[in-house]
Amino acid sequence: VSDPAFWSRAGLITSLVDTLSFLTGDNFAFEFVKGSPPTALQHPLPGIEPFHASPDCIILFSGGADSLCAVVEKVAQENRRPILVSHRSTPVLDNRQSQLAGYLRKYFPAWYFPHISLWAHLRGAEAEDFTQRSRSFLYLSLAVAVAHQTNITDIYLADNGVVSINIPTNAQLIGTNASRTTHPKFLRRAQDLFSLIFDPPPSVMNPLEFRTRAEALEILKTNRCEPLLQETISCAHSRQTKLTPHCGVCSQCVDRRFASIAAHIEDNDAVERYKTDIFRDAIEDGPERTLVISYIRFAKDVRRMSDEEIFSQFSELMDCIIPGDKDATTRARELVNLIRRHAEQVGKVMEEQLKQSSGSLFEASLPEASLIRLVAAGSHNANPRSVFAIKIAARLKIGIPKAFRSKRAKNEAEVQERSDAILAGAHDELDRELPLLSFASISTKPDFSKLDHGVFYIEMKYIKTRERLNHILTEITRRNCI
């Protein structure tokens with residue numbers, strides 16, 4: 001850097017570490033050194049030029065539904081004049097963002113929507129870490145750089161509230177696997193960091209903080225621009241085809257399908273643009289099916305909970321109450337109401353889909369693995385721990401006979417060793433599917449009253465006689481094992 005002393009201030013480094021650590025769940029340490037050459041200057045960002053009108057805010061513009069809704073609300077309902085700032089990772093996404101900005105100009109000609117788009121993309125092989133959980137710091141940094149060079153202070157980073165607060169609406173979205181892009185605690189820490197760097201500091205806000213995705217989409221309906229939804233991409237897997245830009249089975253696609261139906265604008269979210277129609281197509285067994293089923297289970301469970309039970313069940317909500325909030329009780333109530341509205345919207349959509357498909361259910365014309373058939377069969381009522389235990393048992397049932405095909409096991413230790421190898425091979429797949437649960441094998445008799453109840457403990461037994469089998473069955477029954 002050009003000024004190591006500035007960047008090495010203890011408070012600034014602490015704030016930077018705190019911000020990134022919360023966002024990613026990783027550990028950070030920074031040391032700033034003098035850059036080369038020492039006379040290097042800060043070059044202006046590409047795309048920034050004198051504007052023929054006076055913009056008054058910056059909106060991060062991803063080309064997704066939430067950022068579109070925020071732009072429409074700010075322009076059509078609040079008469080704001082935003083600069084759209086985008087990060088482009090692929091030419092397809094760049095083209096989509098540019099087209100969407102063009103459509104906004106046609107719908108709302110009173111503002112010309114200046115659009116600054118900056119490249120940031122992968123090179124070479126796909127990254128091992130698929131979460132991209134630090135990406136929002138990149139996005140915000142781009143926005144803050146533009147704000148600094150244009151003397152604008154208001155920055156809007158939009159995500160619907162359910163995504164923002166980081167609760168596990170499905171079995172794979174836990175911790176930093178779920179997006180913290182607009183988490184209230186991250187935005188507050190980022191705000192504190194920027195206040196140590198800039199004077200005056202920018203103000204970072206999420207305009208959709210207390211709205212569900214369906215409520216965000218209603219902004220398009222209110223302002224009579226529902227067709228714009230069809231021009232957005234929400235899929236977490238960015239490398240889809242032009243004809244089917246949505247996979248249909250990632251968390252973003254699932255939430256979008258339910259939200260567009262709940263907002264009554266599904267005609268502008270054509271099912272043909274989804275690779276998989278989660279309601280009527282077969283959903284492959286594994287992470288995809290687990291995600292969709294747990295999404296429905298979440299809504300079902302929340303509908304039955306009291307406010308106190310919601311806060312007790314989802315400890316992530318405590319992170320959303322920022323120290324210093326003037327009325328923490330009001331904020332807590334708003335968070336609970338947000339989750340409850342989301343659950344009601346998801347539940348009503350699923351109920352309506354079941355009603356519409358009653359004939360198909362009677363005729364059994366839908367695939368057994370379609371969401372409608374799965375929910376009708378009660379799959380969303382199954383205990384996830386039982387499902388997980390069955391999956392582990394299935395792998396052992398196939399693997400153990402193969403492991404001892406040529407030679408019979410000598411003892412229990414050998415069975416344990418081979419079983420460990422089988423489960424190690426399946427670990428990554430099982431972990432992707434149900435990261436809330438994990439498993440471990442044990443070689444000695446444990447005190448089951450003291451074990452971690454978030455872990456499956458797999459104890460191997462080598463059965464030599466019928467009496468030994470009866471003894472093991474009795475012991476398992478007494479332990480009340482799954």
Side-chain angles (χ1 to χ4, degrees), residues 128-131 168 170-175 177 247 249-251 276 282-297 367-371 373-374 377-446 448 451-464 468-482:
E128 291 184 12
D129 186 346
F130 67 91
T131 63
N170 70 70
Q172 284 129 23
L173 293 184
I174 59 171
N177 281 341
C247 72
V249 293
C250 71
S251 60
T276 298
I283 305 171
E284 185 177 351
D285 190 20
E288 291 81 9
R289 190 184 300 177
T290 299
L291 184 151
V292 177
I293 291 297
S294 58
Y295 181 85
I296 301 298
R297 183 187 298 116
E368 287 187 17
S370 65
L371 181 59
R373 287 280 299 273
L374 290 168
S379 296
H380 61 304
N381 293 318
N383 184 335
R385 293 177 61 84
S386 298
V387 173
F388 195 56
I390 290 170
K391 288 181 179 293
I392 291 176
R395 282 161 174 79
L396 292 175
K397 185 177 180 180
I398 294 172
I400 290 178
K402 289 183 177 180
F404 294 102
R405 181 180 297 163
S406 60
K407 187 177 180 181
R408 184 181 177 87
K410 296 179 180 178
N411 50 44
E412 196 168 284
E414 189 174 0
V415 175
Q416 174 103 29
E417 184 178 313
R418 301 284 179 90
S419 298
D420 283 349
I422 294 166
L423 292 175
H427 184 275
D428 287 346
E429 180 184 346
L430 290 167
D431 189 55
R432 284 196 303 272
E433 188 170 345
L434 284 163
L436 281 171
L437 301 174
S438 57
F439 58 87
S441 58
I442 52 179
S443 56
T444 59
K445 183 176 180 179
F448 282 84
L451 293 180
D452 181 353
H453 294 293
V455 177
F456 282 96
Y457 292 91
I458 305 165
E459 187 177 2
M460 305 299 170
K461 295 294 184 181
Y462 186 60
I463 303 172
K464 296 180 180 179
R468 174 67 169 157
L469 173 60
N470 292 337
H471 174 76
I472 292 171
L473 291 174
T474 300
E475 186 178 354
I476 289 174
T477 303
R478 287 175 178 172
R479 290 178 183 174
N480 193 27
C481 296
I482 292 177

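Numbers here are sequence positions counted from 1.
The side-chain heavy atoms of Leu371 and Ile296, taken from C-beta on, include a pair separated by under 4.5 Å. The closest side-chain heavy-atom distance from Glu288 to Val292 is not below 4.5 Å.
In this view, Ala282 and Pro367, Ala369 satisfy the side chain to side chain contact (heavy atoms under 4.5 Å, CB included) rule, not counting sequence neighbours. Residues satisfying the side chain to side chain contact (heavy atoms under 4.5 Å, CB included) test with Ser419, not counting sequence neighbours, are Leu396, Ile400, Val415, Met460. With sequence neighbours excluded, the residues forming a side-chain hydrogen bond (donor to acceptor under 3.5 Å, both in side chains) with Glu414 are Arg418, listed by chain and number.
Pairing each heavy atom of Glu368 with each of Arg373, the nearest pair is CG-NH2, 3.1 Å.
To the nearest 0.5 Å, atoms CD1 (Ile283) and CG (Leu291) are separated by 9.5 Å.
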